[in-house]
Amino acid sequence: MIIEIIPCLSDNYSYLIKEKETNTISIVDPGEFKACDKVINKYKKLDFILNTHHHADHVGANLELKKKYNSKVLGPDLDKDRIPGIDIFLKEKERQKIGNLEFEVIFVPGHTRGHIAFFFKKEKVAFTGDVLFSLGCGRVFEGTYEEMFNSLSKIKNLPLDTRIYCGHEYTKSNLNFCLVYDAKNNYLNEKKIDIQKKLNTNQPTIPSTLDEEIKTNIFLRCDVPEIKHTLGLQDSSEIEVFSKLRDLKDSF
Ligand code: ZN
Ligand code: FE
């Protein structure tokens, strides 16, 4: 599995996946035709388009790409009316193959009601869209805080060495938020140096690993006593801590 990162629009990432044995080419969340097509053009084909959710910055190039390359579009069953050109409707825990690569659908509602993530178990790769970002998580638009919390918990339970490919380059502003409310976390200082180095040389901060995220991403750390204390929520549940953090981040 070869993954090419394609920056789209102002801060989106699309991902091209090449499976070598059968020369199968797929793309995850093509937000912008021009940027994606420039990369796809090298391969002269596009077999599959995979969508995590219906937002325009993730499906914006579906129809143009499908038309040009006759690709099959795979997306969340629950949002089949909102995914342009959808051919294959994906449900929770379903397995699908793109060439010789198999992924499992993880149903992760909250940001949108039908949001899914793609988990390639053998390769230990997850495409998390706008649910889990590096050092952050997506806004809760169509679901409840509890749904979003449960969705993040599902991702948190994947193998620790899973590489996380998310939908946006929000890492720097997410870091600034974590530094305020998780100030005593030493891992954040290491992460800060690493992020700065990458951004200074125009490199994506993506992918991270789940292990790194659990150590540094405050939204996966709602059970940490120091964070609860900082928020004055010592006796609160993890969902209450999560909700408070999400509200604070919305206006950060
Ligand atoms: Zn979105
Ligand atoms: Fe997005």
Side-chain angles (χ1 to χ4, degrees), residues 1-20 23-53 55-62 64-65 68-69 71 73-75 98-99 101 103 106 108 111 115-138 155 158 161-175 191-213 216-217:
M1 182 187 212
I2 296 169
I3 299 170
E4 263 192 73
I5 302 179
I6 310 172
C8 284
L9 305 168
S10 58
D11 50 33
N12 275 80
Y13 286 130
S14 298
Y15 299 103
L16 185 130
I17 303 170
K18 179 179 180 180
E19 188 272 287
K20 281 191 277 185
N23 190 34
T24 300
I25 309 294
S26 310
I27 197 160
V28 179
D29 284 352
E32 186 187 3
F33 177 76
K34 237 177 141 183
C36 293
D37 195 44
K38 209 173 147 191
V39 180
I40 296 164
N41 235 314
K42 288 193 281 189
Y43 305 99
K44 303 275 178 249
K45 70 195 288 257
L46 178 65
D47 300 291
F48 299 106
I49 298 170
L50 276 57
N51 293 132
T52 60
H53 67 297
H55 285 157
D57 58 323
H58 299 256
V59 304
N62 272 21
E64 256 177 296
L65 290 175
K68 180 165 178 185
Y69 296 101
S71 327
V73 178
L74 291 77
I98 49 171
L101 297 171
F103 67 80
I106 309 176
V108 283
H111 178 72
H115 202 301
I116 54 174
F118 301 101
F119 176 51
F120 293 79
K121 195 174 183 178
K122 201 167 148 232
E123 294 75 19
K124 291 184 179 168
V125 164
F127 295 95
T128 59
D130 286 359
V131 171
L132 179 68
F133 296 127
S134 185
L135 298 184
C137 75
I155 296 174
L158 297 177
D161 52 353
T162 302
R163 280 176 292 152
I164 305 291
Y165 289 84
C166 62
H168 289 268
E169 181 60 70
Y170 289 158
T171 314
K172 182 73 202 305
S173 69
N174 289 339
L175 169 75
K191 191 79 186 168
K192 185 179 172 179
I193 295 167
D194 182 52
I195 291 166
Q196 209 64 65
K197 216 159 100 188
K198 285 180 175 149
L199 293 178
N200 285 344
T201 52
N202 270 324
Q203 283 175 271
T205 61
I206 308 307
S208 59
T209 64
L210 184 60
D211 183 47
E212 286 173 56
E213 292 304 323
T216 53
N217 186 331

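Keep in mind that what you see is a predicted model, and the values were worked out from it rather than measured. Side chains included, hydrogens not; waters and symmetry mates left out as well; all remaining heavy atoms used.
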**Report entry** From CA spacing to verdict: side-chain contact (heavy atoms from CB on, under 4.5 Å), Ile206, Thr171
**Finding:** CA-CA 9 Å; Ile206 308 307; Thr171 314; 4.2 Å; yes

Requested in this report: Could you tell me whether the side chains of Thr24 and Asp47 share a donor-acceptor contact shorter than 3.5 Å?
Outcome: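 On atom types as modelled, these side chains do not qualify, holding no pair under 3.5 Å.
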
Say whether, by atom type as modelled, one donor and one acceptor occur between the side chain of [X] and the main chain of [Y] under 3.5 angstrom.
| X | Y | answer |
| --- | --- | --- |
| Lys45 | Asn23 | yes |
| Thr128 | Leu132 | yes |
| Tyr15 | Cys166 | yes |
| Glu19 | Ile25 | no |
| Glu169 | Asp11 | no |
| Asn12 | Gly31 | no |
| Lys44 | Asn41 | yes |
| His53 | His58 | no |
| Asp29 | Tyr13 | no |

To the nearest 0.5 angstrom, please state how far the [atom1] atom of [X] sits from the [atom2] atom of [Y].
| X | Y | atom1 | atom2 | answer |
| --- | --- | --- | --- | --- |
| Met1 | Leu101 | CE | CG | 5.5 Å |
| Gln196 | Thr201 | CD | OG1 | 10.5 Å |
| Leu50 | Asn62 | CG | CG | 10.0 Å |
| Cys137 | Asn217 | SG | CG | 7.0 Å |
| Ser208 | Asp194 | OG | CG | 10.0 Å |
| Asp211 | Thr216 | CG | OG1 | 9.0 Å |

Looking only at heavy atoms, which two atoms of [X] and [Y] are closest? And how far apart?
| X | Y | value |
| --- | --- | --- |
| Leu158 | Ala126 | CD1-CB, 4.2 Å |
| Leu210 | Ile164 | N-CG1, 3.9 Å |
| Ile6 | Ala35 | CG2-O, 3.6 Å |
| Ile27 | Leu46 | N-CD1, 3.8 Å |
| Asn51 | Pro30 | ND2-CD, 3.7 Å |
| Ser26 | Ile98 | OG-CD1, 3.5 Å |

Query raised in the report: Where does the angle between the aromatic ring planes of Tyr170 and His168 fall among parallel (under 30°), tilted (30 to 60°) and perpendicular (over 60°)?
Result: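 Rings of Tyr170 and His168: parallel, as their planes differ by under 30°.
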
Quick one, [X] and [Y] - any side-chain contact, counting heavy atoms below 4.5 Å?
| X | Y | result |
| --- | --- | --- |
| Phe127 | Ile3 | yes |
| Phe33 | Leu65 | yes |
| Val131 | Ile106 | no |
| Pro7 | Pro204 | no |
| Tyr43 | Leu16 | yes |
| Asp37 | Tyr69 | yes |
| Glu212 | Ser134 | no |

Query - Lys124, NZ atom: more than 12 neighbouring heavy atoms under 6.0 Å - result: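 It does not: Lys124 NZ has 12 such atoms or fewer within range.
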
Query raised in the report: Are more than 12 heavy atoms from other residues, nucleotides or ligands located less than 6.0 Å from atom NZ of Lys68?
Result: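 It does: Lys68 NZ has more than 12 such atoms within range.
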
Requested in this report: Please report the C-alpha distance between Thr205 and Leu175 in whole Å, then the side-chain angles of each, then the deciding distance to 0.1 Å, and finally whether the side-chain contact (heavy atoms from CB on, under 4.5 Å) criterion is met.
Outcome: CA-CA 11 Å; Thr205 61; Leu175 169 75; over 6 Å; no

Query raised in the report: Stepwise, does the side-chain contact (heavy atoms from CB on, under 4.5 Å) test hold for Ile17 with Phe103?
Result: CA-CA 12 Å; Ile17 303 170; Phe103 67 80; over 6 Å; no

Query - Pairing of Lys18 and Glu4 as salt bridge, 4.0 angstrom limit - result: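 Between Glu4 and Lys18 there is no salt bridge, as every charged N stays at least 4.0 Å from the carboxylate O atoms.
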
